[in-house]
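Worksheet: one structure, shown below.
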Amino acid sequence: MKVLLTTLNSKYVHSNLALKYLYLAGKHVCDGLDIKEYTINNSRDYVFTELVTADYDAVCFSCYIWNIEKILELAADLKKARPQIQILLGGPEVSYDGEQVLRDNPLVDFVLAGEGENSFPQWCRALAGDIPFEQAAGLVYRSHGRIYANPVAEPVNLLQIPFPYETFPCETDRVIYYESSRGCPFGCSYCISSLDKRIRSLPVERVKADLRCFLDQNVKQVKFLDRTFNWDKARTLEIFQFLMDQDNGVTNFHFEICADLLDDELFLVLGQAREGLFQFEIGIQSTNGDTLSAVRRTSDTAAVLASVGRLVLLGNSHIHVDLIAGLPYEDYRIFRKSFNDVYALGADNLQLGFLKLLKGTSIRADEKKYGYVYMSKAPYQIISNQFLTAEEVCRLKQIETVLDLYYNRGGFAHTLSEAVSATAETPFDFYEALAGYYYAEGFQHRSHKKEDLYRILFQFFGSMGRGEQFLPLLERDLKQTMNFDAVKKFFRKGWTIL
């Protein structure tokens with residue numbers, strides 16, 4: 001029996017750890033098990049042709065908000081081309097409403113809900129006729145015109161999952177994903193991870209052995225999937241110290257952490273790390289107390305801001321911070337304050353995200369309470385609520401665009417450090433004004449090379465009669481960002497958008 005595990009990743013540099021886990025779990029009961037990964041940027045015809053011509057008996061898709069629509073289309077076309085093929089969907093985007101997924105998609109045969117390391121081999125055995133389908137945990141299936149949903153399997157013991165990179169190569173051109181724990185101690189109402197409050201973790205010695213494999217192979221980046229890596233201080237300290245002691249001078253490790261759990265001892269250790277060894281992602285989301293209470297986020301805002309500020313001042317790690325627009329009790333004015341509070345920290349990257357009402361989350365169940373209107377298809381992003389109008393959400397999307405172009409992509413450090421305070425009352429007001437100019441001039445209608453962004457910013461300053469004031473800073477940033485030949489070519493063309 002030939003069975004394929006596959007997905008559509010959001011980018012080529014990304015890889016799917018779940019497929020590797022399922023392959024290792026299922027290969028002993030399915031000799032013909034295979035694994036292939038594509039991206040949402042691959043052409044539909046390319047992926048379709050690959051799947052049809054490979055003569056699989058079953059194809060299993062790993063489903064997320066960024067790929068579910070394309071996967072459903074692909075699965076339906078595949079079933080039309082080869083009616084005998086069996087289609088299985090799994091992953092967070094189908095785990096919480098598997099019965100509805102089968103009702104809405106009659107060409108899909110099965111949904112596997114919950115963690116799959118134990119239940120996927122059971123499905124393989126059921127497909128081969130060794131056991132009845134009703135014995136496969138977490139399986140949603142059709143039988144005699146009805147849809148049945150089996151109880152979800154108990155959470156897996158992480159020690160039972162083999163280290164996947166003993167079987168699969170560490171691809172040097174991709175981010176290596178690694179998981180040392182599952183679950184989250186917090187209960188944020190917008191997050192799927194909050195549904196599993198039990199922390200299951202690998203022993204530290206096992207984690208060290210796994211990480212040593214990455215270090216020995218000089219991989220570029222290892223990204224931990226742990227939702228709150230620093231939930232246990234002693235464990236966190238031991239792993240940080242191990243990575244510092246074993247540092248190969250090449251590999252970078254990315255962690256998602258809770259900033260208010262950091263203390264002086266952790267800062268003392270982190271201050272000794274090689275520049276670039278660690279990268280931290282910190283979800284601040286909002287600095288409004290009523291908002292944080294409404295989404296059951298228990299972090300101490302003052303402590304979070306202070307800790308992020310300390311991390312930035314250390315200067316040896318890349319710091320990424322997140323805000324979420326569209327949370328309860330945060331209108332446009334209050335979000336402006338949250339933005340300014342977080343921008344003042346000087347993090348390397350400030351992601352202005354938008355609330356997504358994910359399946360299974362409690363905030364989705366509260367949609368009427370807060371007047372949420374959201375997109376009917378993935379990623380279920382907010383359109384409006386009783387605190388933000390649709391027009392205000394769109395305005396924030398425009399601000400997000402210019403924030404990414406000018407702040408997050410880098411190359412404008414000297415100009416922004418001066419211009420933000422010199423031309424606007426607050427950072428939010430600066431990016432709001434820049435977004436207004438950018439969209440009024442129609443620059444959103446086409447992509448721009450990096451050098452054109454300098455010209456646009458110069459013209460924005462010119463619209464305020466201050467172009468010459470910021471020209472020296474723009475030239476300084478330009479020369480530091482672009483190579484010598486590109487700079488010479490730029491000045492031959494001048495500062496006007498062609």
Side-chain angles (χ1 to χ4, degrees), residues 322-326 330-344 349-355 373-375 379 381-385 387-478 481-482 486 489-491 493-498:
D322 295 330
L323 285 171
I324 298 179
E330 190 161 65
D331 59 18
Y332 194 83
R333 177 186 59 84
I334 295 174
F335 184 83
R336 172 180 180 264
K337 181 182 183 304
S338 289
F339 181 97
N340 290 328
D341 290 340
V342 175
Y343 188 90
N349 188 287
L350 196 175
Q351 180 177 328
L352 198 174
F354 292 81
L355 179 65
V373 178
Y374 59 96
M375 297 177 181
Q381 186 169 284
I382 178 178
I383 294 174
S384 64
N385 62 15
F387 313 100
L388 284 171
T389 67
E391 291 75 17
E392 287 172 330
V393 172
C394 288
R395 200 182 315 160
L396 291 175
K397 292 291 291 184
Q398 293 174 345
I399 293 172
E400 176 200 26
T401 297
V402 296
L403 180 72
D404 285 341
L405 289 175
Y406 287 97
Y407 184 83
N408 291 332
R409 284 179 58 180
F412 300 89
H414 296 99
T415 305
L416 292 178
S417 66
E418 175 69 24
V420 167
S421 59
T423 64
E425 181 179 346
T426 74
F428 182 90
D429 300 325
F430 171 83
Y431 288 101
E432 183 183 49
L434 177 57
Y437 176 82
Y438 188 92
Y439 280 81
E441 294 296 317
F443 293 126
Q444 75 276 18
H445 297 307
R446 60 188 177 93
S447 59
H448 299 282
K449 296 179 179 178
K450 185 75 172 184
E451 55 262 34
D452 282 338
L453 296 179
Y454 287 94
R455 295 185 175 100
I456 292 170
L457 191 55
F458 174 70
Q459 292 183 193
F460 168 64
F461 293 137
S463 71
M464 297 184 289
R466 305 181 72 168
E468 296 303 318
Q469 176 185 348
F470 293 105
L471 186 58
L473 291 172
L474 283 166
E475 290 181 349
R476 182 180 177 184
D477 283 328
L478 179 69
T481 303
M482 301 171 64
K489 184 178 179 181
F490 179 95
F491 284 118
K493 291 183 177 180
W495 286 92
T496 302
I497 292 288
L498 302 178

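What you see is a predicted model, and the numbers here were worked out from it, not measured in a lab.
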Would you name the heavy atoms of [X] and [Y] that are closest together and state the gap between them?
{"X": "Asp331", "Y": "Leu388", "result": "C-CD2, 3.8 Å"}
{"X": "Gly326", "Y": "Asn385", "result": "O-ND2, 3.1 Å"}
{"X": "Ser384", "Y": "Ala390", "result": "CB-N, 3.6 Å"}
{"X": "Leu350", "Y": "Tyr407", "result": "N-CE2, 4.0 Å"}
{"X": "Ile382", "Y": "Ala325", "result": "CG2-O, 4.1 Å"}
{"X": "Ser417", "Y": "His414", "result": "OG-O, 2.8 Å"}

Verdict with reasoning, Gln351 to Asn408, per side chain to side chain contact (heavy atoms under 4.5 Å, CB included):
CA-CA 8 Å; Gln351 180 177 328; Asn408 291 332; 5.5 Å; no
Does any non-hydrogen side-chain atom of [Y] lie less than 4.5 Å from one of [X]?
{"X": "Phe491", "Y": "Glu475", "value": "yes"}
{"X": "Phe461", "Y": "Gln469", "value": "no"}
{"X": "Phe412", "Y": "Leu405", "value": "no"}
{"X": "Ile456", "Y": "Tyr406", "value": "yes"}
{"X": "Arg455", "Y": "Thr496", "value": "no"}
{"X": "Leu473", "Y": "Leu416", "value": "no"}
{"X": "Glu330", "Y": "Phe387", "value": "no"}
{"X": "Gln381", "Y": "Leu355", "value": "no"}

SB check Arg395 Glu392 (cutoff 4.0 Å)
no
Can you tell whether the side chains of Asp452 and Lys449 come within less than 4.0 Å, N to carboxylate O?
no
Within the 3.5 Å criterion, strictly below it, is a donor on Thr415 or Tyr454 matched to an acceptor on the partner's side chain?
no
Cut-off 3.5 Å, side chains only: do Tyr332 and Glu432 have a donor facing an acceptor?
yes
Look up atom [atom1] in [X] and atom [atom2] in [Y], then write down how far apart they are to the nearest 0.5 Å.
{"X": "Gln459", "Y": "Tyr438", "atom1": "CD", "atom2": "OH", "answer": "12.0 Å"}
{"X": "Leu453", "Y": "Phe460", "atom1": "CG", "atom2": "CZ", "answer": "14.0 Å"}
{"X": "Glu468", "Y": "Leu474", "atom1": "CD", "atom2": "CG", "answer": "10.5 Å"}
{"X": "Phe458", "Y": "Leu478", "atom1": "CZ", "atom2": "CG", "answer": "12.5 Å"}

Please check if atom NZ in Lys489 has more than 12 non-hydrogen atoms from other residues, nucleotides or ligands closer than 6.0 Å.
no
Mark yes or no for whether [X], through its side chain, and [Y], through its backbone, hold a donor-acceptor pair below 3.5 Å.
{"X": "Asp429", "Y": "Thr426", "answer": "yes"}
{"X": "His448", "Y": "Phe443", "answer": "yes"}
{"X": "Asp404", "Y": "Arg409", "answer": "no"}

Yes or no on side chain to side chain donor-acceptor pair (under 3.5 Å) for Asp341 and Ser338, after CA distance, side-chain angles and deciding distance?
CA-CA 5 Å; Asp341 290 340; Ser338 289; 5.4 Å; no
Please name the residue in the list Leu403, Ile399, Val420, Val402 that meets the side chain to side chain contact (heavy atoms under 4.5 Å, CB included) test with Phe430.
Val420
Derivation and outcome, side chain to side chain donor-acceptor pair (under 3.5 Å), residues Tyr343 and Tyr431:
CA-CA 11 Å; Tyr343 188 90; Tyr431 288 101; 2.8 Å; yes
Would you call the rings of Phe428 and Phe335 parallel, tilted or perpendicular, where under 30° means parallel and over 60° means perpendicular?
perpendicular
Apply the test side chain to side chain contact (heavy atoms under 4.5 Å, CB included) to residues Thr401 and Gln444: give CA-CA distance (whole Å), side-chain angles for both, the deciding distance (0.1 Å), then the verdict.
CA-CA 9 Å; Thr401 297; Gln444 75 276 18; over 6 Å; no
